[in-house]
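In what follows, a single structure is set out as structure tokens and then discussed.
Naming: A, B, ... by sequence-line order, numbering from 1 per chain.
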Number of protein chains: 2
Amino acid sequence: MLVEHGGKGARMADIAKETGISRQALYLHFKSRTDLLVATTLYTGDQLDVEGRLAPSRAATSGVDRLRLYIDFWGNFLPEIYGVGKALMMVQDTDEAAAAAWADRMDAMRDGCRAAIDALLADDNLADGWTRDKAIDAFWTMLLVPNWEALTIDCGWSKTDYIHHMQTIAERTFVRQS
Amino acid sequence: MLVEHGGKGARMADIAKETGISRQALYLHFKSRTDLLVATTLYTGDQLDVEGRLAPSRAATSGVDRLRLYIDFWGNFLPEIYGVGKALMMVQDTDEAAAAAWADRMDAMRDGCRAAIDALLADDNLADGWTRDKAIDAFWTMLLVPNWEALTIDCGWSKTDYIHHMQTIAERTFVRQS
DNA sequence: GTGTCAATTGACACAGTGTCAAGAAAGAAG
DNA sequence: CTTCTTTCTTGACACTGTGTCAATTGACAC
């Protein structure tokens, strides 16, 4: 339902109706709507074999490859978690727990960014003008959901467009050009 | 109030209290909270002399300068409209009119992006791999509020950090490196 | 037959937006 | 000094959606 309606159209009553149980029964299983959304996020992550998908970027032999492959992973992964992620983002402003849960997910994504930048550093291939931390911050920011939203939803980019151009941006930005 | 609380803490009752009139009197002047927020956005824009601030980037003699000066403008301008902008963004999901109003503001920002990319094209200085439209999309996305939020609020970057590094990213990404 | 567990129904509290009706304060005009 | 108009106030209420509570039902186990 979240995927279909872009994060909306999934009130507790809607979910109850769709699953064929009463609204109150939902509260017997999840202590709040946020709790349900978080559980859904985690479940979705499990279903999608994140570890397996991350394998290629982890196996990369150079920093440049790691950067490129991580973007490839993310560009394929993000659309699949977008629905529930969006729902979580939409209640961030009113719900502390939702904000924390989503921040945690984004923090996990940040680990990948850190690994990619560190791989560039190991090759002595990080472009001039970046400290390690600033580069990680910038790369992480580039991959955040609102950018994907703007490019694919507002601007109509395809998944391929997104991945390809993000790779271009990241390489030109972070890889020393010789 | 919006600036102080980062877009929150300004319910109709709060605003009424602060201004010393009744909550209902607010509805005599603004037909809805969104209407008030939009009016505030426009008023703020007027107060800040947008045209004057844009002058330097418009006067740029090269595409590279135009790109750099537009980011400079934006990096100084955005923090001043962030409060009310954030409030508008926060109700986007529930309020169609707010979404439209904010989209309109972002569209105005996009004009500046278009002008900068066109200036690069005029110099035959747009980096390989970009069509005009894709470059405008990408540059516009880079400047969107969530990126500024992530970098300054989440990552603790200063205004100078933001401007400087965004300039670096944009130049490496969009300017042909010779 | 009794206990337990999950579910149901229906009612209600709460926050915040927006609406409505009745009246009050204050100045302008005769 | 009255009368009209405009603006504001007070207080009540509707609506949406989340979350809570109490009483009840149905099913299965022992």
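Protein atom OH of B/Tyr27 is 18 Å distant from nucleotide atom P of D/dC13, rounded to whole Å. Rounded to an integer number of Å, the gap from A/Gln24 CD to D/dT24 P is 17 Å. Spacing between atom CG of B/Leu26 and atom C1' of C/dG16 amounts to 14 Å, rounded to whole angstrom units. Rounded to whole angstrom, the span from the CZ atom of A/Arg33 across to the C1' atom of D/dT18 amounts to 9 Å. For A/Phe30 and C/dA6, the CZ to P distance is 14 Å, given to the nearest whole Å. The CE-C1' distance, from A/Met12 to D/dT20, rounds to 12 Å in whole Å. Taking atom CZ of B/Arg11 as the reference point, atom P of C/dA15 lies 9 Å away to the nearest angstrom. Nucleotide D/dG19 holds its C1' atom 12 Å from the NZ atom of A/Lys31, rounded to whole Å.
Within 4.0 Å of B/Ile21, counting heavy atoms only, lie sugar-phosphate atoms of the nucleic acid but no base atom.
An OP1 or OP2 oxygen of D/dT7 is reached within less than 4.0 angstrom by no side-chain nitrogen or oxygen of B/His29.
The one candidate from A/Val84, A/Ile15, A/Ile81 that meets the side-chain contact (heavy atoms from CB on, under 4.5 Å) condition with A/Thr40 is A/Val84.
You'll find a donor-acceptor pair under 3.5 Å spanning the side chain of A/Arg23 and the base of D/dG19, going by distance alone.
The residues B/Asp111 and B/Arg114 are annotated as salt-bridged, a charged nitrogen and a carboxylate oxygen being separated by less than 4.0 angstrom. Between B/Arg11 and B/Asp14 a salt bridge is recorded (basic side-chain N to carboxylate O distance below 4.0 Å).
Interface residues of residues 91-102 of chain B facing DNA chain D, ordered by number: none; criterion, heavy-atom separation under 4.0 Å.
Between B/Trp157 and B/His165, the ring planes lie tilted relative to each other; the angle falls in the 30° to 60° range. Aromatic ring orientation, A/Trp74 versus A/Phe77: tilted (interplanar angle from 30° to 60°).
Taken from CG in A/Leu121 to CD1 in A/Ile136, the straight-line distance is 8.0 Å, to the nearest 0.5 Å.
There is no side-chain donor-acceptor pair under 3.5 Å between A/Ser32 and A/Asp35.
Among D/dC21, C/dT19, C/dA7, the nucleotide with an atom closest to any side-chain atom of A/Ala25 is C/dA7.
Base pairing of C/dG23: its partner is D/dC8, meeting the Watson-Crick or G-U wobble criterion (both donor-acceptor distances under 3.5 Å).
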